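These notes concern the structure reproduced below.
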Amino acid sequence: NGQAVRPIHTGTYDVYYRVEDDFYGTLEGAAGKLVITAAKPNVNMTYSVSGTKVTLKVLTTGVNNIYIPEGKIVFYNGNDIVGQCVLNCGEAVFTKDFATGTHNLKAKYEPAYGTGVALYQTEESDVVKVTVKEPSPDVEVEEPTTISFYFNDFDSKEKFIDFLDDYNKQMEEIDEE
């Protein structure tokens, strides 16, 4: 019928041709088979460490960023499964406490087969080595190493600086006594 048909699902398709012209008339027949296999998605994992909590974030992208991979991500520490998440718009985030030491972490994309077909094949991220250190001893509030202040406006900041200047002057006077 002169229209191109573009299958988007994996599978084997019969391909036919039909040519019509004034000289030969109509020619038609089987041209062969077209095999479409699942594409390889990109699976990129990043991480952050806070104490013993490790947060793993996975971003999956598909062919030409047109079709977002659907399915789940399974997280591994070596060969051991440590958790899994369903992808949401191509992203998955997973947080877990890990023991101190070095961990070889990876993410494995597993496609959704809800419709019986999958556009993407199973794929793994690169392995990342994550080191979890012993938690720091509790910081004493009486002897802090760092204090952060956040101000709503410039006037608040100026008032606070004046307060610190006055306080430091008072402490110098006490030290002189």
Side-chain angles (χ1 to χ4, degrees), residues 6-12 35-161 163-165 167-168 171:
R6 186 177 64 150
I8 61 169
H9 294 293
T10 58
T12 302
V35 177
I36 297 177
T37 57
K40 181 177 176 180
N42 294 313
V43 180
N44 298 305
M45 183 173 68
T46 58
Y47 70 93
S48 62
V49 179
S50 178
T52 58
K53 286 193 183 306
V54 176
T55 298
L56 304 170
K57 182 177 181 181
V58 174
L59 176 63
T60 60
T61 54
V63 176
N64 296 326
N65 294 322
I66 295 174
Y67 297 106
I68 297 172
E70 297 177 353
K72 68 180 177 180
I73 297 294
V74 180
F75 295 94
Y76 290 84
N77 182 9
N79 293 322
D80 298 328
I81 295 174
V82 294
Q84 62 184 2
C85 303
V86 173
L87 282 168
N88 182 11
C89 296
E91 292 187 17
V93 178
F94 175 73
T95 301
K96 178 177 175 53
D97 278 316
F98 282 87
T100 55
T102 300
H103 303 275
N104 295 314
L105 304 178
K106 69 179 175 184
K108 181 179 180 182
Y109 164 73
E110 294 184 357
Y113 290 103
T115 59
V117 295
L119 296 176
Y120 296 104
Q121 62 185 322
T122 299
E123 185 63 27
E124 294 180 358
S125 69
D126 292 333
V127 173
V128 294
K129 288 186 182 270
V130 177
T131 301
V132 175
K133 297 180 182 176
E134 284 288 331
S136 319
D138 291 335
V139 175
E140 291 291 325
V141 176
E142 301 298 321
E143 298 178 27
T145 57
T146 303
I147 300 176
S148 298
F149 298 95
Y150 300 93
F151 305 100
N152 291 330
D153 54 41
F154 185 76
D155 288 338
S156 298
K157 175 184 165 193
E158 289 300 311
K159 288 178 183 176
F160 185 73
I161 290 172
F163 165 79
L164 289 177
D165 288 342
Y167 178 80
N168 286 333
M171 291 299 107

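The structure displayed is predicted, hence computed values, not measured ones. FYI, side chains are in, hydrogens and waters are out, and symmetry mates aren't considered; it's all heavy atoms of this structure.
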Could you go through residues 74-93 and list every donor-acceptor pair under 3.5 Å that involves a side-chain atom there, pairing it with any protein atom two or more places apart or in another chain?
from	atom 1	to	atom 2	distance (Å)
N77	OD1	N104	N	3.4
N77	ND2	H103	ND1	3.1
Q84	OE1	K72	NZ	3.2

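In this structure, CD in E70 is found 15.0 Å from CD in E110, a value given to the nearest 0.5 Å. Rounded to the nearest 0.5 Å, atoms NZ (K57) and OG1 (T46) are 6.5 Å apart. Rounded to the nearest 0.5 Å, atoms CZ (F160) and CG (D165) are 10.5 Å apart.
Closest non-hydrogen pair, Y109 versus P41, comes out as CD2-CG, 3.7 Å. Among all heavy-atom pairs drawn from A107 and V58, the shortest one is CB-CG2, 3.6 Å.
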>> side chain to side chain contact (heavy atoms under 4.5 Å, CB included) for T52 and F98? Distances and angles first, verdict last.
In response: CA-CA 6 Å; T52 58; F98 282 87; 5.8 Å; no
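Applying the salt bridge (charged side-chain N to carboxylate O under 4.0 Å, His left out) rule to E158 yields no partners; only residues at least two apart in sequence or on another chain are considered.
Residue-environment remark: CG (D97) exceeds the threshold of 12 foreign heavy atoms within 6.0 Å.
Under the 4.5 Å side-chain criterion, counting only non-hydrogen atoms from C-beta, S125 is not in contact with K108. For the pair L56 and I73, the minimum side-chain heavy-atom distance is 4.5 Å or more.
Tested against P69 for a side chain to side chain contact (heavy atoms under 4.5 Å, CB included), the candidates V43, T60, N42 yield a single pass: T60.
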